[in-house]
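To start, the structure itself, in structure tokens.
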2 protein chains.
Amino acid sequence: MISQKTVGRLSLYRRLLNVLAVQGTKNVYSHQLAAMAGATAAQVRRDLMAVGYMGTSIRGYAVDELIKSLGTFLDDPQGQSAALVGIGNLGRAILSYFSGRRPNLSIVAAFDVDPGKVGRVINGCRSYPLDELETVARELDIRLGVLTVPAAAAQSVAESMVRAGIRGILNFAPAPLKMPTGVYVEDIDMTMSLEKVAYFARQGELIRS
Amino acid sequence: MISQKTVGRLSLYRRLLNVLAVQGTKNVYSHQLAAMAGATAAQVRRDLMAVGYMGTSIRGYAVDELIKSLGTFLDDPQGQSAALVGIGNLGRAILSYFSGRRPNLSIVAAFDVDPGKVGRVINGCRSYPLDELETVARELDIRLGVLTVPAAAAQSVAESMVRAGIRGILNFAPAPLKMPTGVYVEDIDMTMSLEKVAYFARQGELIRS
DNA sequence: TAGATTGTTAATCGATTAACAATC
DNA sequence: TAGATTGTTAATCGATTAACAATC
């Protein structure tokens, strides 16, 4: 099984490779990709070997082929659909952020308990009452969820997501979710992140002074 | 030097402890806190020892004192101010997210290159032209930055943040920043996170089926 | 005391780094 | 060939986990 960190870096490499492809670059060496990704050359090579793609010592890696290999690895050929639950400021921003970015991976429905927020189209995405999550998720074959509700509601909403057949959750709520095995949760805790920044920024200054 | 992971968990523990304090809980055992945080009891104890706070075998940890200890550790007594650069959908959502949450750590100014977005007050936060970053940052003693600009602009904007005296950056732009030592960067890459969720959710289904 | 907790130490695990032989 | 790259293997590092003695 491949590690979470590696999958994250592969996603990053692909994005960087797309930039190179647009620039017309045909080949790239591990150390070049490493410099762009903020990694080491050996790490890049190890990660790419995990995908089963090997470079040559004379040309390094072929950009186009590598993008294709990463696509085979990272993307579902049939495409994957996500639901967003919690249409607040953050939820709306995320809808616009992911709107139409990837054909293979898109948010196709949004949900909220507030009747005033449902029955619309937000950034090309229809909004529904939370009650209908299960029905809509099964109908649209949604297996991924983005959770942008307040912390207090997070656990119970996450549980209904799981009941609706969702197997992966991107959790923005600042609350650890207790989920059954087989459900993958990735936490994005902005408060924690900002506090880390504050702590280490201060620490750096203490050390310097 | 304390690790990034530990600092992150301490931030989480404090939030959980605040919930307990509101409920009127006086004491808490490491295994209780661990269950809430999704960690192990030994890990909680180790983390708290890092702050220099030790529990007793009979009562565990005193909630109020622990919150105070964590505050001493995590917060700057003088308070820390942050600037947000990039007033798009995401930037606005983040301004509202952090608005008035912590007295000791708040976003006090927002910046953008678009003249149409500046000279206003957004969620209690004044917006300025990006040109004025250096002046305003020094005037308001801003040392932290939140970066919510498009990937293409991220590196150059981050460099002007550093010139303005900013020493910690919460980076939402999907681009690795090359920063001088002494500047701490915490990346929140939502695209990468969503792709990880998509990958592991699919993987789980493959394993099950 | 007995029991559940604590802090401490040693063992394990995983990822990263460094050193090396192989390739064109 | 010489040189820069590659994949492979061994060594290092750090964090986590497990086992233990100490405490009330």
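Throughout, protein chains are lettered first and strands after them, A, B, ... in sequence-line order, and every chain is numbered starting at 1. These values consider heavy atoms only, across backbone and side chains, with no hydrogens, waters or symmetry-generated copies.
- Distance CD (B:Q43) to P (C:dT6): 14 Å, rounded to an integer number of Å.
- For the pair A:L66 CG and D:dT6 P, the interatomic distance rounds to 12 Å; values are reported in whole Å.
- Note on B:Y53: every side-chain N or O is 4.0 Å or more away from OP1 and OP2 of C:dT6.
- Of the listed nucleotides (D:dT16, D:dT6, D:dT8), D:dT8 has the atom at the smallest distance from the side chain of A:M49.
- Atom pair A:R59:CZ and D:dT5:P shows a separation of 14 Å (rounding to whole Å applied).
- When rounded to the nearest whole Å, the span between CG of B:N27 and P of C:dT6 equals 11 Å.
- Phosphate contact (OP1/OP2 of D:dT6, side-chain N/O of A:S30, threshold under 4.0 Å): present.
- The side chain of A:Y29 contributes no N or O atom lying less than 4.0 Å from OP1 or OP2 of D:dG3.
- Between B:Q4 and A:G55, the residue whose closest nucleotide on DNA chain D is further toward the 5' end is A:G55.
- Regarding A:M54, its CE atom lies at a distance of 16 Å from the P atom of C:dA22, rounded to whole Å.
- Look at CG on B:L48: it is 13 Å from P on C:dT8, rounded to the nearest Å.
- Using the Watson-Crick or G-U wobble rule with both distances under 3.5 Å, D:dC24 pairs with C:dG3.
- For D:dT9, neither phosphate oxygen OP1 nor OP2 lies less than 4.0 angstrom from any side-chain nitrogen or oxygen of A:R45.
- B:R46 places a side-chain heavy atom less than 4.5 Å from the side chain of B:R9.
- Nucleic acid contact for B:R46: base, since at least one base atom lies under 4.0 Å from a heavy atom of the residue.
- If you measure from atom NE2 of B:H31 to atom P of C:dA4, you get 10 Å, rounded to the nearest angstrom.
- None of B:D75, B:L144, B:D76 except one satisfies the side-chain contact (heavy atoms from CB on, under 4.5 Å) rule with B:L105; the exception is B:L144.
- In this structure, CG in B:L194 is found 10.5 Å from CG in B:D189, a value given to the nearest 0.5 Å.
- The listed nucleotides are D:dG7, C:dG7, C:dC24; the one nearest the side chain of A:I58 is C:dC24.
- Summarising the base pairing, C:dT17 is matched to D:dA10 through a Watson-Crick or G-U wobble pair whose two defining distances lie under 3.5 Å.
- The CG-C1' distance, from A:D47 to D:dT8, rounds to 16 Å in whole Å.
- With hydrogens and angles left out, the side chain of B:S57 and the base of C:dT6 share no donor-acceptor pair within 3.5 Å.
- Of the residues B:V85, B:D112, B:L84, the one that meets the side-chain contact (heavy atoms from CB on, under 4.5 Å) test with B:V149 is B:V85.
- For the 3.5 Å distance criterion, the side chains of A:Q4 and A:Y184 qualify, holding a donor opposite an acceptor.
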